[in-house]
Amino acid sequence: MDALPWREAWHDALYAAGRGFYVTRGGPAEHFTTATHGVTGAVLAEALLRLWLREHDHLPAVVVDVGAGRGELATHLLTALAAYDEQPTECSRDRQAATTTDELLSRLERTPRADEEPTECSLDRRGTPATDELLSRSEGPPTRVVAVDVVARPAGLDERIAWLRSPGGETLPTELAGLRDALVIAHEWLDVVPCTVAEVDPQGAPRVVLVDPVTGAESLGDPLDPADSDWADAHWPATTPGARLEVGRTRDEAWSDLVSRVGSGTLVAVDYGHVASERPNEGTLTAYRRGVQTEPVPDGTMDLTAHVAIDTLDADRVGRQRDVLRDLGIRGQTPPHTLAATDPLGYLRALERAGAEAELLRPGGFGGFWWAVKRVTSGDVA
């Protein structure tokens with residue numbers, strides 16, 4: 001088989017119909033653990049809502065999870081939203097509008113009991129509407145949750161979560177547009193948007209790296225095209241022979257496309273990444289199969305990923321996850337041991353949560369992720 005530019009081979013290996021890794025291999029959860037799974041996912045969902053409530057006195061009209069896997073984070077977001085949405089007796093919009101931000105935040109501290117039944121009012125409001133309604137709502141409760149990924153709707157996903165199927169990579173579904181009062185989350189999406197991989201040749205010029213899709217053997221191809229060359233000169237200049245770089249132009253364009261679909265709201269990208277002061281000389285392209293890191297081969301049997309040049313994205317704030325979460329009140333503190341004597345089950349739950357928070361903050365783990373936050377007001381997008 002002829003060698004292809006990494007960008008093309010990478011895209012086919014992940015997204016090609018009938019054989020791409022994300023289409024046929026059972027989803028990310030079968031191969032690696034992300035922060036969206038389990039208790040860490042629940043804490044992360046609450047933190048994202050806290051981020052929104054720092055600047056708004058109401059919940060978003062719609063929450064969108066781009067690159068949703070099999071709906072893990074979307075499910076946690078639905079649960080966190082339900083903790084707010086529970087109204088014991090009265091469901092009037094007037095009452096909800098009067099709720100203070102502090103009250104909204106305090107409700108996120110409370111985990112609903114499994115035996116609690118939704119009220120008749122909340123059942124009416126939580127019905128499953130058409131996709132157009134889910135995407136176009138601009139006022140009033142409840143918040144709609146929409147998940148976007150390359151596969152068909154997973155079996156067993158909560159019916160209150162709308163599902164949009166995406167073509168994959170940087171291409172988003174056409175239905176995802178006109179979002180207002182929206183919280184949009186791209187968690188580990190951009191690192192699997194394929195990009196041009198380049199290597200500096202003996203003459204000091206970056207050239208496209210070609211790869212055999214079957215063996216993974218590499219060779220050097222043509223010089224970078226003008227658009228990629230301009231991006232590299234501006235953001236990842238490399239002239240040392242043998243140095244590698246990943247041209248983040250396609251990630252920047254994918255992010256800008258997502259931003260353009262939001263009329264008002266906040267977008268958050270959470271991902272592996274680096275900034276200009278720490279670009280890795282050897283690049284970051286790698287692969288995972290069944291939870292084990294391995295040499296990247298674009299044959300459809302493994303996840304292929306490369307870190308994101310996070311500082312080239314159109315964003316208002318860029319920071320490490322551990323710093324962002326601490327600012328949002330996530331501490332990872334062990335509960336007092338006295339609680340074990342008075343409320344053993346409560347102590348175990350608190351201990352589990354503290355462990356999850358600590359894992360999200362760990363510098364060598366999830367805490368090393370980057371967050372890029374973009375705010376869009378009504379006048380920003382035509």
Audit row: W52, H58, side chain to side chain contact (heavy atoms under 4.5 Å, CB included) steps and yes/no: CA-CA 9 Å; W52 174 273; H58 62 281; 4.2 Å; yes

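- A side-chain donor-acceptor contact under 3.5 Å links D201 to the backbone of A205.
- A side-chain N or O of E218 and one of W6 form a donor-acceptor pair less than 3.5 Å apart.
- Contact of the T75 side chain with the L157 side chain is registered, since non-hydrogen atoms from C-beta on lie closer than 4.5 Å.
- Partners of H11 under the ring pair (Phe, Tyr, Trp, His ring centres under 6.0 Å) rule, at least two apart in sequence or in another chain, are Y15.
- L14 is listed as a side-chain neighbour of V192, based on a closest heavy-atom distance under 4.5 Å.
- A side-chain donor from one of D299 and T301 sits under 3.5 Å from a side-chain acceptor of the other.
- The closest donor-acceptor contact from the side chain of T171 to the backbone of P167 lies at 3.5 Å or more, if one exists at all.
- Contact annotation: the side chain of L190 approaches that of L313 to within less than 4.5 Å [non-hydrogen atoms, C-beta and beyond].
- Hydrophobic clustering of Ile, Leu, Val, Met, Phe, Trp and Tyr side chains at less than 4.5 Å, counting indirect connections, unites L81 with L328.
- Put simply, the side chain of R322 never gets that close to the backbone of L361: no donor and acceptor are under 3.5 Å apart.
- Not one N or O on the side chain of S256 forms a donor-acceptor pair closer than 3.5 Å with the backbone of E253.
- Side-chain polar atoms of D303 and Y22 form a donor-acceptor pair below 3.5 angstrom.
- Side-chain atoms of R160 never come within 3.5 Å of backbone atoms of V145 as a donor-acceptor pair (strictly under, hydrogens ignored).
- Electrostatic pairing of D314 and K374 counts as a salt bridge here, judged by a charged N lying under 4.0 Å from a carboxylate O.
- A distance of 6.0 Å separates CG of L345 from CZ of R349, quoted to the nearest 0.5 Å.
- Contact check for R375 versus E55: side-chain heavy atoms found under the 4.5 Å cut-off.
- Using modelled atom types and a 3.5 Å distance limit, the side chains of T196 and E246 yield no donor-acceptor pair.
- In this structure the side chain of I185 never reaches within 4.5 angstrom of the side chain of V64, judged on heavy atoms.
- In the hydrophobic clustering of ILVMFWY residues, with side-chain heavy atoms under 4.5 Å counting as a link, W231 and V197 come out apart.
- Taking all atoms of both residues into account, the shortest heavy-atom contact from V151 to G69 is CG2-O, 4.3 Å.
- In this structure the side chain of C195 never reaches within 4.5 angstrom of the side chain of R7, judged on heavy atoms.
- Across every non-hydrogen atom of S166 and V148, the tightest pair is CB-CG1, 3.8 Å.
- By the 4.0 Å N-to-carboxylate-O rule, E46 lies too far from R50 to be salt-bridged with it.
- Contact record, V208 with P5: CG1-CB, 3.9 Å, taken as the closest heavy-atom pair.
- Under a 3.5 Å cut-off, the side chain of T143 and the backbone N or O of P60 do form a donor-acceptor pair.
- No donor-acceptor distance shorter than 3.5 angstrom exists from the side chain of W10 to the backbone of P298, with no hydrogens or angles considered.
- Among all heavy-atom pairs drawn from V63 and L77, the shortest one is CG1-CD1, 3.7 Å.
- Rounding to the nearest 0.5 Å gives a distance of 15.0 Å between CZ of R362 and CD of E357.
- Not one N or O on the side chain of W370 forms a donor-acceptor pair closer than 3.5 Å with the backbone of V270.
- One finds the CZ atom of R320 at 10.0 Å from the CD1 atom of I310 (value rounded to the nearest 0.5 Å).
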Verdict with reasoning, W163 to D149, per side chain to side chain contact (heavy atoms under 4.5 Å, CB included): CA-CA 8 Å; W163 189 269; D149 211 286; 3.7 Å; yes

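- Ring geometry for H307 versus H274: interplanar angle under 30°, hence parallel rather than tilted (30 to 60°).
- For the atom pair I161 CD1 and D65 CG, the distance stands at 9.0 Å (nearest 0.5 Å).
- In this structure, CG in D12 is found 11.0 Å from CG in L304, a value given to the nearest 0.5 Å.
- For the pair T266/H56, a side-chain contact is recorded, criterion being any heavy-atom separation below 4.5 Å from C-beta on.
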Working for side chain to side chain contact (heavy atoms under 4.5 Å, CB included), residues L258 and W189: CA-CA 11 Å; L258 184 59; W189 171 53; 3.9 Å; yes

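- Smallest separation of non-hydrogen atoms from L360 and A35: CD2-CB, 3.7 Å.
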Trace of the side chain to side chain contact (heavy atoms under 4.5 Å, CB included) decision for Y272 with T286: CA-CA 12 Å; Y272 302 95; T286 191; over 6 Å; no

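- In this structure, the separation between CG on L183 and CG on L51 is 7.5 Å, given to the nearest 0.5 Å.
- Under the 4.5 Å side-chain contact rule for hydrophobic residues, L172 and V184 share a cluster.
- Taking the charged nitrogens against the carboxylate oxygens, D311 and R279 do have a contact shorter than 4.0 Å, which makes a salt bridge.
- Contact check for F366 versus Q321: side-chain heavy atoms found under the 4.5 Å cut-off.
- Electrostatic pairing of E359 and R353 does not count as a salt bridge here, judged by no charged N lying under 4.0 Å from a carboxylate O.
- Closest of all the heavy-atom pairs between P280 and T284 is CG-CG2, 3.3 Å.
- By the rule that hydrophobic residues join a cluster once side-chain heavy atoms approach within less than 4.5 Å of another member, V23 and M302 end up as members of one cluster.
- Counting only N and O atoms by type, the side chains of D191 and T305 include a donor and acceptor under 3.5 Å apart.
- A salt bridge links R244 to E199: one of the charged nitrogens lies within less than 4.0 Å of a carboxylate oxygen.
- Under a 4.0 Å N-O distance rule, the pair R289/E295 does not qualify as a salt bridge.
- Hydrophobic clustering (side-chain heavy atoms under 4.5 Å, transitive across Ile, Leu, Val, Met, Phe, Trp, Tyr) keeps I330 apart from L351.
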